[in-house]
Amino acid sequence: MAKLSISHPLVLVLTLGVGVGLSVVAALFVNHWQISTQQSRFQRHIDNLATALQRSLNRYTDVLAFLSDYYQVSDGQVSRIEFERFAARSLQLYPGIQALEWAPLVSHADRSAFEQQIQQQGYPSFQVTELGPDYTLVAAAKRPYYIPVTYIAPLEGNEVAFGFDLRSNPARTTAIEFARDQGTVTTTSPIRLVQEQRDQYGFLVLLPLYQSGTLPTDLASRRQQFEGFLLGVFRVADVVEESLQDLQYDIDFVLYDQGMQYDQDSPTPEFLGYYDSIQKQVLTQGSPPLQPLDHNQRHAVAQTLCPLPDSCTHTLSVGNRQWQVSFVPSPSYTFSPAYGTAITLLVGLLLTGSLVSLLYNLNRELVGAKRLSELKLRFFSMASHELRTPLSTILLSAESLQLHHQDWSEDQKRANIQRIGRTAKRMGQQITDMLTLTRSEVGKLDFNPELVAVEPFCRQILTDLEASSPSRITLQGLDPSVKAFWDKALVRSLLTNLVTNALQYSPAPSPVTVTLQTQADQMVITVSDRGRGIPTNERQAIQEAFIRGSNVGDIPGTGLGLAVVNTSVTIHRGHWVIDSIEGEGTTVTVTLPLE
């Protein structure tokens, strides 16, 4: 049977095609999901706004219910002063109230006596009024009965409403008769208040009172026992702005009055105001639309969040009247559906490319494993070669001490023991250097910095080295209080190798000078000798492991010292420089950060 074979390019093309296809499908799904999420979020926000508006309107209309309760417990006998006192607290709590009023029913036959009664109470110019043709207040025309504003709180700022006949305005007549006949709280259509100075609409909320103190059961009794209205004059803009002061949504909306709930004629909506979420104000002039926002007038984000015009429209109930709220996101509303789609597509493409990356990484792992195997072999070969000599020295010295223990003097014994100690230390340093380089090559070298007192730390290292070369090492400079954040093991290897090289490649009497200096936030370590120096063209090469200078002669060495120095400096994010003249000496300058 022939073996099925698929070439690598074909596999990659098929993988790429399937991966891109799946990525596009996933991106489309995420796009749909994110848009749905944004739509749900927007719906929650406008639901919160609508709830806040409805709750605020209910609070304002409830003020009249409180006044009605007060009238009932007072048997309908409430004086002007008592009315003002009771209304004072509501005026403090509700900034949208223009005025709270009492307007009794006054027949034409009682009009004159009624006006005289109010005049005698300290208002000599009082009369029942209405708006004339030129929109100034004039004496009300003769009618069978009047409903004049008699009590008003606060009076200041609302003087023009004092004595105004509610029935004189045709826009209010329908609401007045409906409230009287039904006995329920009723709201008038939007009006320009005669006492209002700010450019905003107002509305009146009427609550009828009856002589019996309770709601009569039939229509005839209600009309017969009707006594007058408690009414609240509320400012649309102030009511809306107060209700939304704790909500921080970048959502605008338009308010319209839809008419009475039971009106079958569906009148044309009347504009109440446009709420600008940036200014946090209700505007009535400028650029607000005069009709509910058409779907085609909305910007792209609005059309996405509100796919159907009705989906972003709420209806509020205000005293047997309906207000329509048409919401639209402001230009600053947070909406970013494209990001999720782009990220999903990008992730899909990255996952598609991961197969190629996986093959590449597998190849790298194989190469790395081979290199690691070679490094292990190299390490063991180096350890076998470099450690054999000091180990032989230790064994021979120990055997000699054992064989001649009875014959040797104390000085001979001490010298032999010291030789064993020095050789063991040198072997330990060689092992440390080999481990440092091997771990560095495979990326496994640990870096454990800690706070170090620089001068005492360096002095201790040099003291240990002086045991084999007494009086040759000189330490200069530096305040003992200076501290650095270093890896002690790596810095110890660095300084040990530099000083050991300086001692090893210098004539026995010549000194080795170690200088410590601080420069800003760095420590400069300088090691100087008067030895044979390093050829100029070899200074870079000797920083590699197992490379030694051509002029070392018969001086033994591993070729690891400067490689260890380079590794220690690099991992501390420092730098170093070799300045040497062949035959005259060498100065190595190492700069390490203190932190």
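We're numbering straight along the sequence, starting at 1.
For the 3.5 Å distance criterion, the side chains of Ser221 and Asp218 qualify, holding a donor opposite an acceptor. Checking Thr334 against Asp250 by side-chain atom types alone, no donor-acceptor pair falls below 3.5 Å.
For the ring-ring contact (aromatic ring centres under 6.0 Å, His included) criterion with Trp323, the lone passing option out of Tyr256, Phe203, Phe253 is Phe203. None of Leu57, Leu272, Leu53, Val325 except one satisfies the side-chain contact (heavy atoms from CB on, under 4.5 Å) rule with Val240; the exception is Leu53.
Within the 4.5 Å cutoff, side-chain heavy atoms of Asn48 are placed close to those of Tyr249. Counting heavy atoms from C-beta outward, Arg80 and Ile118 have side chains that approach closer than 4.5 Å. Side-chain contact between Met260 and Phe178: present, with at least one pair of heavy atoms (C-beta onward) separated by less than 4.5 Å. Counting only heavy atoms from C-beta outward, the side chains of Leu207 and Leu67 never approach each other to under 4.5 Å. Between Ser74 and Glu82, the closest side-chain pair of non-hydrogen atoms is not below 4.5 Å. Proximity of Arg222 to Leu215: side-chain heavy atoms (C-beta onward) are separated by under 4.5 Å at one or more points. Side-chain contact between Leu305 and Pro329: present, with at least one pair of heavy atoms (C-beta onward) separated by less than 4.5 Å. Gln98 has its side chain out of reach of Phe234: every pair of non-hydrogen atoms, C-beta onward, lies at least 4.5 Å apart.
Checked against the 6.0 Å centroid criterion, the rings of Phe226 and Phe229 qualify as a close aromatic pair. The aromatic ring centroids of His572 and Phe447 lie less than 6.0 Å from each other. Aromatic pair Phe42/Tyr333: centroids less than 6.0 angstrom apart.
Looking only at distances, no side-chain donor or acceptor of Asp62 sits under 3.5 Å from a matching main-chain atom of Ala65. Remark: side-chain polar atoms of Thr188 are paired, donor with acceptor, to backbone N or O of Leu204 under 3.5 angstrom. Between the side chain of Asn158 and the main chain of Ala99, no donor-acceptor pair closer than 3.5 Å is present. Not a single donor-acceptor pair under 3.5 Å links the side chain of Gln324 to the backbone N or O of Thr315. Checking side-chain atoms of Asp257 against main-chain N and O of Ser189 turns up no donor-acceptor pair under 3.5 Å. No donor-acceptor distance shorter than 3.5 angstrom exists from the side chain of Asp110 to the backbone of Val106, with no hydrogens or angles considered. Between the Tyr70 side chain and the Phe86 main chain, no donor and acceptor come within less than 3.5 Å of each other. At distances below 3.5 Å, not a single donor-acceptor pair connects side-chain atoms of Trp102 with backbone N or O atoms of Gly228. Under the 3.5 Å distance criterion, the side-chain polar atoms of Thr173 are matched with a main-chain donor or acceptor of Asn169. Within the 3.5 Å criterion, the main-chain N or O of Thr313 finds no donor-acceptor partner in the side chain of Ser326.
Comment: Arg111 engages Glu115 in a salt bridge, judged by a side-chain N to carboxylate O separation of less than 4.0 angstrom. The pair Glu130-Arg143 counts as a salt bridge, with a side-chain nitrogen and a carboxylate oxygen less than 4.0 angstrom apart. Taking a cutoff of 4.0 Å between a charged side-chain nitrogen and a carboxylate oxygen, Asp181 and Arg223 qualify as a salt bridge. By the 4.0 Å N-to-carboxylate-O rule, Glu242 lies too far from Arg235 to be salt-bridged with it.
Here Asp69 contributes atom CG and Leu64 contributes atom CG; the two are 11.0 Å apart, rounded to the nearest 0.5 Å. The distance from the CE atom of Met523 to the CD atom of Glu595 is 12.0 Å, given to the nearest 0.5 Å. With rounding to the nearest 0.5 angstrom, the CZ atom of Arg321 is 13.5 Å from the CG atom of Leu316. Here CG of Leu166 is found 7.0 Å from CZ of Phe164. Values are rounded to the nearest 0.5 Å. Rounding to the nearest 0.5 Å gives a distance of 15.0 Å between CG of Asp238 and OH of Tyr94. Expressed to the nearest 0.5 Å, how far NE2 of His45 lies from CG of Leu247 amounts to 9.5 Å.
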Please evaluate residues Ile278 and Ser332 with respect to the criterion side-chain contact (heavy atoms from CB on, under 4.5 Å), reporting the C-alpha separation (whole Å), side-chain torsions for both, the decisive distance (0.1 Å), and the verdict. CA-CA 9 Å; Ile278 303 300; Ser332 60; 3.4 Å; yes
Test Leu137 against Leu131 for side-chain contact (heavy atoms from CB on, under 4.5 Å), laying out the working first. CA-CA 5 Å; Leu137 290 175; Leu131 285 177; 3.9 Å; yes
For side-chain contact (heavy atoms from CB on, under 4.5 Å), just list the numbers for Ser311 and Gln39, CA-CA rounded to whole Å, side-chain angles, deciding distance to a tenth of an Å, and then say yes or no. CA-CA 10 Å; Ser311 60; Gln39 289 174 345; over 6 Å; no
Chi angles and distances behind the ring-ring contact (aromatic ring centres under 6.0 Å, His included) call for Tyr145, His108: CA-CA 5 Å; Tyr145 64 91; His108 178 70; over 10 Å; no
Determine whether Thr61 and Asn58 satisfy the following criterion, side chain to side chain donor-acceptor pair (under 3.5 Å), listing intermediate values before the conclusion. CA-CA 5 Å; Thr61 55; Asn58 293 342; 4.7 Å; no
Begin with the C-alpha distance, continue with both residues' side-chain angles, and end with the deciding distance and a verdict on side chain to side chain donor-acceptor pair (under 3.5 Å) for Gln225 and Ser212. CA-CA 7 Å; Gln225 297 185 30; Ser212 62; 2.9 Å; yes
Do Glu227 and Tyr210 pass the side-chain contact (heavy atoms from CB on, under 4.5 Å) test, and can you show the C-alpha distance, the side-chain angles, and the key distance before you say yes or no? CA-CA 5 Å; Glu227 192 172 27; Tyr210 301 93; 5.7 Å; no
Just do the side chain to side chain donor-acceptor pair (under 3.5 Å) check on Asp252 and Ser277 with the steps written out, would you? CA-CA 5 Å; Asp252 303 336; Ser277 59; 2.7 Å; yes
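By the neighbour-count criterion of 12 heavy atoms within 6.0 Å, atom CD of Glu450 is densely surrounded, having more than that number from other residues, nucleotides or ligands. For Gln245, the CD atom sits in a packed shell: over 12 heavy atoms of surrounding residues, nucleotides or ligands are nearer than 6.0 Å. Around the CZ atom of Arg41, the shell of radius 6.0 Å holds more than 12 heavy atoms that belong to other residues, nucleotides or ligands. Crowding of Leu451 atom CG: a count of heavy atoms from other residues, nucleotides or ligands under 6.0 Å exceeding 12.
Residues Phe162 and Val149 come closest through the heavy atom pair CD1-O, 3.6 Å. Considering every non-hydrogen atom in both Val282 and Glu241, the closest pair reads N-OE2, 2.9 Å. Here the closest non-hydrogen pair linking Gly273 and Thr284 is CA-CG2, 4.4 Å. In this structure, Ser90 and Ile97 approach most closely via the heavy-atom pair O-CD1, 3.7 Å. Of all the heavy atoms in Leu231 and Ala103, the pair that sits closest is CD2-CB, 3.9 Å. When every heavy atom of Ser56 is checked against every heavy atom of Ser243, the shortest pair comes out as CB-CB, 3.3 Å.
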